[in-house]
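Throughout, numbering of the chain's residues begins at 1 and tracks the sequence.
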Amino acid sequence: MISAQYVPSLIKVLTGLTLGLALAACDRITTESPELGAESASAPQTEPAAPPSTSDAGGDSPSEPDAPTAPTASLAPGDYCYSADTESLTGVVRLTVAESDQIGGDSSVSIHDEEASYYTSYGQKFEGDLAGTAADLDITTWIEYDRQTEAATWTVTSETVTVDDTVFTRADCAAEAVLSPFRGPTGLTAADLLEDISIAQQQQVQFAPGTSGTTLENSVVRGDRDLYSLGARGGQSMTLEINALEDNAAFALISPSGYLLLHDATSENILLPQTGDYTIIVGSTRGNASYTLEVSIE
């Protein structure tokens, strides 16, 4: 096997040898047949030789244009997880591919620069279409109290996800390092609470003009849960308090990016980390529950 470092020298040698043979052949024709031009003028005309057939044995085939390269097949439907850990970034990407090559998912990333004493983190949700290895996505990013939206194309394979210059490599979706960025204070994720709930059941909470709160009255059957959606800005504070006839109701709170902030709570005041729609989940702790939920934002 020829080492890669000798390839350029070998090409120069072969090129010089080919050029030398061509010049020698040309010189021989000129020397042996000085009258060739005159003789050919009086010689009988002959039909020009046909171009060599591409099927002739040993003949060189004319150069054909390169056929377009087929895109690499899209990922098979399923769930995929990826992680990255560099000097300045640590993060996890989770995505799901549907039968129709639609793709969606979320990510949690922290950025750190110890020398500059700088640290921040952001969460993302994204959805779009996957064609080959190109994922054309609509992305919402929550960073500190800001919410940003953009369209971008990520390169996705079974082993890597490339976002700008950062490469996330395949990881086990059940690994603690993958799950921990999405877990709330009780160790659960929002998906754990929402997996058997239809988002279509969600009710929009609205305050009367000139007010900053409202009271919701409802009842929930054991095993069922009520969902409420409430828009708020990052940096505001939300107060939630629930009362039930038999003290058997509690609530959970999920951020716009899908992070579980509260679980099994009955009275809380919380500083909201993101701008967008928060999801409140109300359920019973035993039996059926009739409750009032007071909600306010400042």
Write down the atom of [X], the atom of [Y], and the distance for their closest heavy-atom approach.
X      : Y      : result
Leu137 : Gly128 : CD2-N, 3.9 Å
Tyr82  : Thr157 : OH-O, 2.8 Å
Gly287 : Asn248 : C-ND2, 4.5 Å
Leu75  : Ser158 : CD2-N, 3.3 Å
Ala249 : Tyr291 : CB-CB, 4.1 Å
Leu179 : Cys173 : CD2-O, 3.6 Å

What's the spacing between [X] [atom1] and [Y] [atom2] if we round to 0.5 Å?
X      : Y      : atom1 : atom2 : value
Leu194 : Arg225 : CG    : CZ    : 8.0 Å
Leu193 : Asp264 : CG    : CG    : 8.5 Å
Ser121 : His112 : OG    : NE2   : 11.0 Å
Ile280 : Leu261 : CD1   : CG    : 11.0 Å
Ile297 : Thr211 : CD1   : OG1   : 10.5 Å
Thr120 : Ile111 : OG1   : CD1   : 6.5 Å

Any donor and acceptor pair, going by atom type alone, linking the side chain of [X] with main-chain N or O of [Y] inside 3.5 Å?
X      : Y      : result
Asp224 : Val221 : no
Tyr259 : Arg183 : yes
Trp142 : Thr275 : yes
Asn288 : Arg222 : yes
Arg286 : Glu246 : yes
Asp172 : Ala174 : yes

Could you tell me if [Y] and [X] have a donor-acceptor pair between their side chains, going purely by distance under 3.5 Å?
X      : Y      : value
Asn269 : Thr239 : yes
Asp85  : Thr90  : yes
Tyr122 : Asp146 : no
Gln274 : Ser257 : yes
Thr140 : Gln148 : no
Gln124 : Thr141 : yes

For side-chain contact (heavy atoms from CB on, under 4.5 Å), just list the numbers for Leu89 and Phe168, CA-CA rounded to whole Å, side-chain angles, deciding distance to a tenth of an Å, and then say yes or no. CA-CA 11 Å; Leu89 180 148; Phe168 294 76; 4.2 Å; yes
Side-chain heavy atoms of [X] within contact of [Y], under 4.5 Å:
X      : Y      : value
Val161 : Leu95  : yes
Ile103 : Asp129 : no
Thr96  : Asp79  : yes
Ile281 : Asp226 : no
Ile242 : Leu293 : yes
Glu294 : Leu240 : no
Leu230 : Met238 : yes
Tyr278 : Ile254 : no

Connected via hydrophobic side-chain network under 4.5 Å: [X] and [Y]:
X      : Y      : answer
Trp154 : Ile143 : yes
Tyr118 : Val109 : yes
Phe182 : Leu260 : no
Val92  : Ile139 : no
Val178 : Leu188 : no

Under the criterion side-chain contact (heavy atoms from CB on, under 4.5 Å), I'd like the reasoning laid out for Thr214 against Gln206: C-alpha separation, chi angles, the key distance, then a yes or no. CA-CA 8 Å; Thr214 189; Gln206 295 181 337; over 6 Å; no
Hey, mind stepping through Val295 and Phe251 against side-chain contact (heavy atoms from CB on, under 4.5 Å) and telling me if it holds? CA-CA 12 Å; Val295 185; Phe251 60 81; over 6 Å; no
Heavy atoms of other groups near [X] [atom1], more than 12 under 6.0 Å:
X      : atom1 : value
Glu114 : CD    : no
Glu127 : CD    : no
Arg170 : CZ    : yes
Glu99  : CD    : no
Glu87  : CD    : no

I would like to know whether Asp138 and Phe126 meet side-chain contact (heavy atoms from CB on, under 4.5 Å); could you show each step before the answer? CA-CA 6 Å; Asp138 292 321; Phe126 52 84; over 6 Å; no
If you measure from the Lys or Arg side-chain nitrogens to the Asp or Glu carboxylate oxygens, is any gap between Asp106 and Arg94 under 4.0 Å?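 Counted as a salt bridge, because a side-chain N and a carboxylate O are separated by less than 4.0 Å.
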Run the numbers on Gln203 and Ser229 for side chain to side chain donor-acceptor pair (under 3.5 Å), then give the verdict. CA-CA 6 Å; Gln203 305 174 50; Ser229 177; over 6 Å; no
